[in-house]
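Down below is the structure, laid out as C-alpha cells.
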Amino acid sequence: MTTHPQIHSATSATMGLEGIVAAETVLSHVDGAAGRLIIRGHDLQDLAGWSFEGLIALLWQDLTPEPLAEDQIRAALGAARVQVFALVDPLLAATKSLSPVEALRLLLSALADESDVPHHVLAVAAVPVFAAAIARHRCGQSPVAPDAALGQAADFLRMLRGTPATAEAVRALDTYLVTVADHGLNASTFTARVIASTKAGLFSSVIGALCALKGPLHGGAPGPVLDMLDAIGEESQIRPWLMQKLARGERLMGFGHRIYRVRDPRADVLKGATAHLRHASNWIGFAEKVEAEALTLLAEKKPLRPIQTNVEFYTALVLEAVGFPPDSFTNVFAAGRMAGWTAHVLEQEANNRLIRPQSRYTGPMPAAA
Ligand code: COA
C-alpha cells in the first residue's frame with residue numbers, strides 16, 4: 001500500500017491524539033506542567049469568586065451577535081429556563097428506565113433548531129431545569145418550575161430541593177460551575193467542535209458532547225470518590241485500606257491526571273469552596289484526612305511519578321454538601337461545561353473548516369485481479 005507523503009501515520013504515541021494541536025482557541029489553556037488553567041486571559045484561581053453568568057459573559061465575549069453583559073445573560077437565562085420547562089412534563093415518563101445522564105440526553109434532544117431564542121442561551125438554560133427535574137423524578141417528586149429572577153446556580157438548587165438555597169450553597173455551586181466551565185480541548189469539547197464543523201447546529205453539537213462526557217474516563221466518575229470514602233468508613237481504617245488498595249495494584253479515586261503533573265488547580269479552587277460547607281457535609285473533614293494519607297502513600301509508591309489530587313475528589317465533596325445525589329453529578333458537570341461547549345461551538349462556527357482527519361488502513365488489500 002502506498003502512503004501519501006503528507007499523511008502522518010498514527011503511532012501508539014498519537015493514538016489518543018496526545019500532544020496533537022487540533023484547534024486554535026482563545027477560550028482556555030491547560031498548562032499541565034505548571035498546574036495552570038487560563039480562561040480568556042485569567043488564571044482560574046482569580047475567577048473563583050465570579051458568578052457563573054459572569055464567566056459565561058467572558059467565554060461568549062465577541063462570539064455572540066450582540067455583546068451580552070453579565071446581567072443580560074442572567075435575565076436571558078432566566079427567561080429561557082421558564083421556556084424550556086414546558087418541555088419537561090411530557091418527556092419525564094419516557095426517562096423511566098434511563099440513567100440521569102441518558103435522561104438529560106433525551107430531554108436536550110427536544111430542543112428545536114427552529115427556536116427563536118439564541119441556541120447557546122437555550123442550551124445553557126436547559127441543563128439545570130432538566131437535571132433538577134430528572135433528579136426529583138427519580139425520587140418520585142414532581143418538577144419545580146424555574147424562577148426567572150434568580151441566577152442560574154440559585155435556581156438550580158431551588159428546582160432540585162423545592163426550597164430556596166442558602167447563600168453559601170449558591171456561592172459553592174457558582175464556584176463549581178465556573179471551575180468546570182472550560183478545560184481546553186477535552187474529549188467532549190473536541191466532540192462538540194467536530195460536530196459543529198459539519199454545520200449540524202449547536203444543539204446537535206452539545207448533545208454529542210454530552211455523550212462523550214458520559215463515559216467514566218471523562219465526566220462519569222466523581223461518584224466513586226464517595227464510594228471510596230464510604231468503603232474506608234472510619235479514621236482508623238484510612239491507612240490500612242489505602243495500603244491494601246495500592247498493594248492490589250488498584251487506583252485511588254480522585255488522584256492522578258493525564259495532563260497535570262502537579263496539583264490540578266481546579267482541586268484547590270473547589271477545596272476552597274468546601275471551607276463554608278463543613279457543617280452541611282458528611283464527608284469533608286474525613287476526606288481531608290484520606291487525601292493527606294493518600295498523597296503520602298502515592299508519593300512513597302510512585303516516587304518518580306507525581307500523582308496529585310484531581311478535580312473529581314473535591315467535586316464529589318462540594319456537590320454532595322450542596323445536596324445533589326451522586327448519580328446526578330455528571331449532569332451537574334454538564335451544567336457547567338455547557339458554557340464551554342457553547343463557546344467552542346460559536347468559535348468553531350465563526351471560523352469553520354470541516355474537521356476531517358485521516359486514518360491509517362491496516363486491513364487487507366483486495367486480491368490482485
Ligand atoms: N492511584 C494509584 N495509582 C495511580 C493512580 C491512582 N489514582 N493514577 C495513576 N496511577 C499509577 C498507575 O497505576 C500507573 O502505574 P504503573 O506505571 O506502575 O502501571 C501510573 O500511575 C501511570 O498511570 P496512567 O494511567 O498512565 O496515568 P494517567 O496520568 O494517564 O492517568 C487517570 C490519569 C486519571 C486515568 C489516572 O490517574 C486514574 O485512573 N486515576 C484514578 C481515577 C480517578 O481519579 N478518576 C477521576 C474520578 S474519581
Side-chain angles (χ1 to χ4, degrees), residues 19-74 76-77 118 120-121 123-124 151-153 171-193 196-197 202 205-206 209 219 257-273 308 310-311 314-315 318 333-353:
I20 306 288
V21 173
E24 286 194 347
T25 181
V26 298
L27 296 169
S28 65
H29 172 61
V30 182
D31 181 342
R36 283 180 90 181
L37 168 58
I38 296 167
I39 312 254
R40 293 201 89 156
H42 300 261
D43 270 306
L44 175 68
Q45 286 84 341
D46 298 333
L47 299 171
W50 286 35
S51 72
F52 188 44
E53 287 81 356
L55 198 274
I56 293 170
L58 180 68
L59 283 173
W60 287 352
Q61 184 186 304
D62 305 327
L63 295 172
T64 52
E66 305 96 35
L68 288 173
E70 178 178 347
D71 55 345
Q72 293 168 307
I73 288 175
R74 186 182 157 105
L77 289 175
H120 46 285
V121 172
V124 172
Q152 187 94 337
R171 200 163 42 239
L173 182 58
D174 254 328
T175 302
Y176 171 76
L177 297 172
V178 165
T179 300
V180 301
D182 202 33
H183 200 236
L185 204 59
N186 56 85
S188 58
T189 301
F190 184 48
T191 304
R193 290 192 80 124
S197 84
L202 185 134
S205 304
V206 300
H257 195 272
R258 175 60 60 82
I259 296 183
Y260 292 116
R261 286 292 164 258
V262 293
R263 200 171 161 85
D264 182 337
R266 298 170 300 170
D268 277 337
V269 170
L270 293 184
K271 182 171 185 167
Q308 296 286 334
N310 65 38
V311 67
Y314 281 99
T315 287
V318 170
F333 188 171
R337 187 55 59 86
M338 187 59 86
W341 291 337
T342 53
H344 277 270
V345 170
L346 292 169
E347 189 182 47
Q348 181 69 36
E349 288 176 345
N351 187 18
N352 188 45
R353 180 157 173 82

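Only this structure's heavy atoms are used, side chains among them; waters, hydrogens and symmetry mates stay out.
In this structure a side-chain-to-backbone donor-acceptor pair under 3.5 Å is present from Glu347 to Val26. Of the possible polar contacts, none joining the Gln152 side chain to the Glu53 backbone as a donor-acceptor pair under 3.5 Å is found. For the pair Arg266 (side chain) and Val311 (backbone), a donor-acceptor distance under 3.5 Å is absent. Here the side chain of Glu70 pairs no donor or acceptor atom with the backbone of Ser51 at under 3.5 angstrom.
Of all non-hydrogen atoms in Trp60 and Val124, the two that sit nearest each other are CZ2-CG2, 3.7 Å. Across every non-hydrogen atom of Leu55 and Ala181, the tightest pair is CD1-CB, 3.4 Å. Across all non-hydrogen atoms, the minimal contact from Ala267 to Asn310 is CB-O, 3.8 Å. Nearest heavy atoms, Val269 versus Ala48: CG1-CB, 3.9 Å. Residues Ala172 and Ala273 approach most closely at CB-O, 4.3 Å, considering heavy atoms. Nearest heavy atom pair, residue Ala123 against residue Leu202, reads CB-CD2, 3.8 Å.
Rounded to the nearest 0.5 angstrom, Ile56 CD1 and Trp50 CH2 are separated by 12.0 Å. Distance check: Gln348 CD to Ser205 OG gives 9.0 Å after rounding to the nearest 0.5 Å. Atoms OG1 and OH, from Thr315 and Tyr176 in turn, are 4.5 Å apart once rounded to the nearest 0.5 Å. Atoms CD1 and CG, from Ile259 and Leu37 in turn, are 10.5 Å apart once rounded to the nearest 0.5 Å.
Using a 4.5 Å heavy-atom cutoff, the side chains of Asn186 and Arg337 are in contact. Side-chain contact between Met338 and Thr342 is present, with at least one heavy-atom pair separated by less than 4.5 Å. In this structure, the side chains of Asp182 and His344 come closer than 4.5 Å at one or more pairs of heavy atoms. Contact check for Thr179 versus Tyr314: no side-chain heavy atoms found under the 4.5 Å cut-off. Two residues are said to be in side-chain contact when any heavy atoms from C-beta on lie closer than 4.5 Å; Leu185 and Thr25 fail this criterion. Between Leu47 and Leu58, the closest side-chain pair of non-hydrogen atoms falls below 4.5 Å. Side-chain contact check for Leu27 versus Arg40: some heavy-atom pair is nearer than 4.5 Å. In this structure the side chain of Gln308 never reaches within 4.5 angstrom of the side chain of His257, judged on heavy atoms.
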Go through it in stages, so that I can follow the logic: the residues are Tyr260 and His183, the test is ring-ring contact (aromatic ring centres under 6.0 Å, His included), and I'd like the CA-CA distance, side-chain angles, deciding distance and then a yes or no.
CA-CA 12 Å; Tyr260 292 116; His183 200 236; 5.6 Å; yes
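Screening Leu63, Asp62, Leu59 against Leu346 for a side chain to side chain contact (heavy atoms under 4.5 Å, CB included) leaves a single residue, Leu63. The only option from Asp31, Asp264, Asp43 that meets the salt bridge (charged side-chain N to carboxylate O under 4.0 Å, His left out) definition with Arg36 turns out to be Asp43.
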